[in-house]
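Lettering of chains follows the sequences in order, A, B, ..., and the numbering in each one begins at 1.
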Amino acid sequence: MKERKMENGLVSVDKWSEKSQAYFLTHLHADHTQGLTSTWSKGPLFCSQLTAHLFPSRFPGFNLSLLTVLDTGLWHSMRLVSPSSGSQTTLQVMPIDAHHCPGAVMFLFRGDFGCLLFTGDFRWEAECESAKTAREMLVDALKDNAVDVLYLDNTYCNPAFEFPPRLVAARQVVDIIDSHPGFDIIIGIDSLGKEDLLVHISDMLETKIWVWPERLQTMHLLGFHDIFTTRTSLTSVRAVPRYSFSIDTLNQLNTMHPTIGIMPSGLPWMVKSTKGNSNKSQLSTGTETGTEKIVRGVERCHEYMYIVPYSDHSCFSEIKEFVELVRPTSMKGIVSSSSSYVEPFYYFGGLCGERPISQNEHENKERDERVIDIQTKSFCGIHNTIQSRSMKPVGVSRVTALRRVSRGSKLAENDSSD
DNA sequence: GCGATCAGTT
DNA sequence: CACAACTGATCGC
């Protein structure tokens, strides 16, 4: 079988350090934008509508003429120049909702190099109605394109990681709050993501939710105008930056007023405290003998702290379903900093390369295609930054230099040759 | 001041 | 212990 690959210097996804002709941003989390700055001038940047809407608040002063919105579910064509041969080539890309955080998309590419799918970070709640559109887009796109390489969000690519859909976890959060009348509630969140959880809480409890000022601005950009507030007097439910609150904080707060903390996280493990031991106990083990409310999967890791399995990344079974659907010829994990990292191929190798090849493969569909001319002229730098970097730190060794570089992907980097 | 990198935090 | 996502210190320019 012919090895598909895309040459370096053509496009980059969530990677900003090297010269490419087009740059693609899957979503606005910091670990996918490191290297991207307000003074960006390396080349055109493509992202979803919502990411573009949020973009100026994250990168004030950014030259917006470099920013182009790509609608989801459509093929967008762009003419690029092969850095090696200098000849023109056409590349097509389709963004598909990734259901990770607001604006997050996957990118499906096709061109001379074949067909590549970058999931970025993604959640694949196949049962849920919200994921239906994305699934249909993907299935439709894959009818005519067999994926040669799948670049996969393998954050929780281990059978040990199982958790329920977010709606289920959101109900668990409400149950916890309900069982603590009179308590103040603190929920740890990041700068983007988990808005649906907060909205659900707000709806169920009929309360506003406090957020910090920058987060309120983000909420407004996302179209939430009534639910969130920065006035503490209006609500006892507060969403705070995850990194700003700990068990020590909770202990402090509890000297003033009864308060519980809720950590929405796909990781079931403890948050550590500097003092005092933490009696980790499962609230529920799945039996239905409970006299008290059964909250499956929730961990009470401390007197005042709960961890709820609310994750914006796919759990193992969702990753598996996704790979079964895509059936790529080969695949690569985009997260390699984890010490428990295992190549997705270890689990899903049997799913690779068995998809029957469609007759229509690589035959372009005219109807939903739009053409974008990007300015290749100004971006065909002769600068070639030759810094060979292996993206694959295998095993558990702590290679500091590689700790944070593994999120982005240069297309076709370190492809195996044969 | 700005950007890149590293150390450390929940 | 772990992760993802983030802050803040430090260094070079």
For the pair A:His180 and A:Tyr306, evaluate side chain to side chain donor-acceptor pair (under 3.5 Å) and give the outcome as yes or no after the intermediate values. CA-CA 12 Å; A:His180 290 80; A:Tyr306 294 83; 3.0 Å; yes
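Salt bridge A:Asp312/A:Arg166: present, at least one basic N to carboxylate O contact under 4.0 Å. Under 4.0 Å is where a charged nitrogen must lie from a carboxylate oxygen, and between A:Arg215 and A:Glu195 at least one such pair does.
For A:His225, the ring pair (Phe, Tyr, Trp, His ring centres under 6.0 Å) partners two or more places apart in sequence, or in a different chain, are A:His220. Take A:Tyr304 and apply the ring pair (Phe, Tyr, Trp, His ring centres under 6.0 Å) test, not counting sequence neighbours, and it matches A:His302. For A:Phe316, the ring pair (Phe, Tyr, Trp, His ring centres under 6.0 Å) partners at least two apart in sequence or on another chain are A:Tyr347, A:Phe348. Listed by chain and residue number, A:Phe24 satisfy the ring pair (Phe, Tyr, Trp, His ring centres under 6.0 Å) test with A:Phe107 (two or more places apart in sequence, or in another chain).
The CG atom of A:Asp121 sits 15 Å away from the P atom of C:dC3 (whole-angstrom rounding). Atom P of nucleotide C:dA5 and atom CG of A:Leu192 are separated by 10 Å, given to the nearest angstrom. For A:Met305 and B:dT9, the CE to C1' distance is 13 Å, given to the nearest whole Å. Atoms NE2 (A:His27) and C1' (C:dA5) sit 9 Å apart, rounded to a whole Å. Separating the CZ atom of A:Phe161 from the C1' atom of C:dC3 is a distance of 7 Å, rounded to the nearest angstrom. Per the geometry, NE2 belonging to A:His313 stands 9 Å off C1' belonging to C:dA5, to the nearest Å. The distance from atom CG of A:Asp312 to atom C1' of C:dA5 is 12 Å, rounded to the nearest whole Å. Whole-Å rounding puts the A:Asp14 CG to C:dA5 P distance at 11 Å.
Among the protein residues, A:Ser244 comes within range of no part of the nucleic acid, since none of its heavy atoms lies under 4.0 Å from any strand.
Taking only side-chain nitrogens and oxygens, A:His100 never comes nearer than 4.0 Å to OP1 or OP2 of C:dA4. Applying the 4.0 Å criterion to OP1 and OP2 of C:dA4, one finds that A:Thr155 has a side-chain N or O inside that range.
Relative ring orientation between A:His32 and A:His27 is described as tilted, the plane-to-plane angle lying within the 30° to 60° band.
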Between the protein and nucleotides 7-13 of chain C, are there any N/O to N/O pairs under 3.5 Å, and if so, what are the atom names and distances?
{"residue": "C:dT7", "atom": "OP1", "partner": "A:Tyr243", "partner atom": "OH", "Å": "3.3"}

Between the protein and nucleotides 2-5 of chain B, list every N/O to N/O distance that falls short of 3.5 Å.
{"residue": "B:dG3", "atom": "OP1", "partner": "A:Thr39", "partner atom": "OG1", "Å": "2.4"}

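Within the model, atoms CG of A:Asp121 and CG of A:Asp153 stand 4.5 Å from one another, a figure rounded to the nearest 0.5 Å.
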